[in-house]
Amino acid sequence: MKSEPDVYSIDDLKKEGQTLWDGVRNYQARNFLRQMKVGDLCFFYHSNLTPPAIVGLMKVIQSNVVDPTQFDSNSPYYDSKSKLDAPRWQTVIVDFVKVFPNMIPLTTLKQLFNPEELLLIRKGNRLSVMPIEEKIAQKILSLVDISGEI
DNA sequence: GCCAACGTTGGC
DNA sequence: GCCAACGTTGGC
């Protein structure tokens, strides 16, 4: 799951403990959000910084949550076409798990994996939420000094 | 700041 | 339904 650290960072999540992952307004990303289940682990990826990198880990504690910002006309994520009785945008609530002691930069991910096994590095990919194969996720986790703790 | 790659919008 | 124009994302 991507976020620009200027907007919402892993440190913000650490401070708050948990967050409702609002503002996703891309149907493909939303469909992935809908598939997420309580207990799922997610990497926190910082985009738009140098270097872009996976910086930590979080866990889904509530799934299929209606994103309240779609009905808030003051929110940048307001969607005037979404109906209260048929919300367009669902998301998840995630719990903070860990800030990685060493972040995993995009360049490293590009070196270790090919685009077929990691959606993140596929050309032109702009999804803010995407699935990751268990096997690949484990490999990424093994690059962090916490594999024994989880 | 640039720009490639997408996604969305809206006229037709 | 097509597609040009436009807006956004995000790496570099």
Side-chain angles (χ1 to χ4, degrees), chain A residues 1-16 18-36 40-60 62-145:
Chain A
M1 300 170 80
K2 295 184 192 173
S3 182
E4 299 182 32
D6 293 348
V7 179
Y8 194 84
S9 71
I10 186 83
D11 289 328
D12 293 327
L13 178 60
K14 184 177 184 179
K15 236 174 283 171
E16 293 176 15
Q18 65 182 59
T19 195
L20 190 150
W21 201 267
D22 59 13
V24 173
R25 293 293 179 271
N26 170 288
Y27 286 104
Q28 213 183 334
R30 181 210 60 186
N31 292 343
F32 289 138
L33 282 169
R34 283 178 171 175
Q35 290 168 20
M36 292 169 69
D40 284 353
L41 292 171
C42 325
F43 289 120
F44 195 126
Y45 178 87
H46 277 174
S47 61
N48 263 319
L49 89 165
T50 42
I54 294 175
V55 292
L57 196 66
M58 48 198 176
K59 191 204 291 190
V60 176
Q62 207 174 322
S63 61
N64 236 344
V65 181
V66 172
D67 183 342
T69 59
Q70 67 194 300
F71 302 121
D72 176 4
S73 56
N74 293 318
S75 168
Y77 307 126
Y78 177 62
D79 181 354
S80 59
K81 291 178 206 147
S82 188
K83 298 276 159 28
L84 268 170
D85 56 355
R88 280 186 177 179
W89 308 106
Q90 289 82 23
T91 186
V92 293
I93 296 177
V94 287
D95 223 353
F96 171 79
V97 175
K98 186 95 183 169
V99 178
F100 292 156
N102 56 315
M103 56 181 193
I104 318 292
L106 183 60
T107 49
T108 302
L109 295 170
K110 282 180 172 170
Q111 285 164 15
L112 292 180
F113 304 104
N114 58 53
E116 289 74 40
E117 45 188 10
L118 188 58
L119 254 175
L120 179 69
I121 59 177
R122 217 167 284 184
K123 189 181 177 189
N125 169 60
R126 285 167 30 188
L127 284 173
S128 62
V129 177
M130 66 196 90
I132 181 164
E133 224 180 300
E134 175 75 27
K135 196 174 68 180
I136 305 300
Q138 290 299 340
K139 281 187 189 170
I140 293 172
L141 273 179
S142 72
L143 304 173
V144 186
D145 317 309

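All values derive from a computational prediction rather than experimental measurement. Order of the sequence lines fixes the chain letters, A, B, ..., with proteins taken first and strands second; residue numbering starts at 1 for each chain.
- Ion pairing between a basic and an acidic side chain is recognised when a charged N comes within 4.0 Å of a carboxylate O; A/Arg25 and A/Asp79 show no such pairing.
- One atom, CG of A/Leu49, and another, P of C/dG11, lie 9 Å apart when rounded to the nearest Å.
- One interatomic measurement links the two molecules: CD of A/Glu4 to P of C/dC12, which rounds to 15 Å at whole-angstrom precision.
- In this entry the distance linking CG of A/Leu119 with C1' of C/dG11 reads 17 Å, nearest Å.
- Side chains of A/Thr69 and A/Asp67: a donor-acceptor N/O pair is present below 3.5 angstrom, by distance only.
- For A/Lys123 and B/dA4, the shortest distance from a side-chain N or O to OP1 or OP2 is not below 4.0 Å.
- Rounded to whole Å, atom P of B/dG7 lies 7 Å from atom CD of A/Gln28.
- For A/Arg126, counting side-chain heavy atoms from C-beta on, the closest listed nucleotide (B/dT9, C/dG11, B/dG7) is B/dG7.
- One interatomic measurement links the two molecules: CG of A/Asn48 to P of B/dG1, which rounds to 14 Å at whole-angstrom precision.
- Phosphate contact (OP1/OP2 of B/dC6, side-chain N/O of A/Tyr27, threshold under 4.0 Å): absent.
- The separation between A/Asn26 atom CG and B/dC6 atom C1' is 9 Å, rounded to whole Å.
- For A/Lys110 and C/dC12, the shortest distance from a side-chain N or O to OP1 or OP2 is below 4.0 Å.
- The shortest heavy-atom contact between A/Ile10 and A/His46 is N-NE2, 3.1 Å.
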Report the C-alpha distance between A/Ser47 and A/Arg126 in whole Å, list the side-chain angles of each, state the deciding distance to 0.1 Å, and finish with yes or no for side chain to side chain donor-acceptor pair (under 3.5 Å). CA-CA 10 Å; A/Ser47 61; A/Arg126 285 167 30 188; over 6 Å; no
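- Counting to the nearest Å, the P atom of B/dC6 and the CE atom of A/Met130 are 13 Å from each other.
- Residue A/Ser128 has its side chain nearest to C/dG10 when only C/dG10, B/dG7, C/dG11 are considered.
- Residue A/Asn125 contributes atom CG, which lies 10 Å from atom C1' of B/dC6 at whole-angstrom precision.
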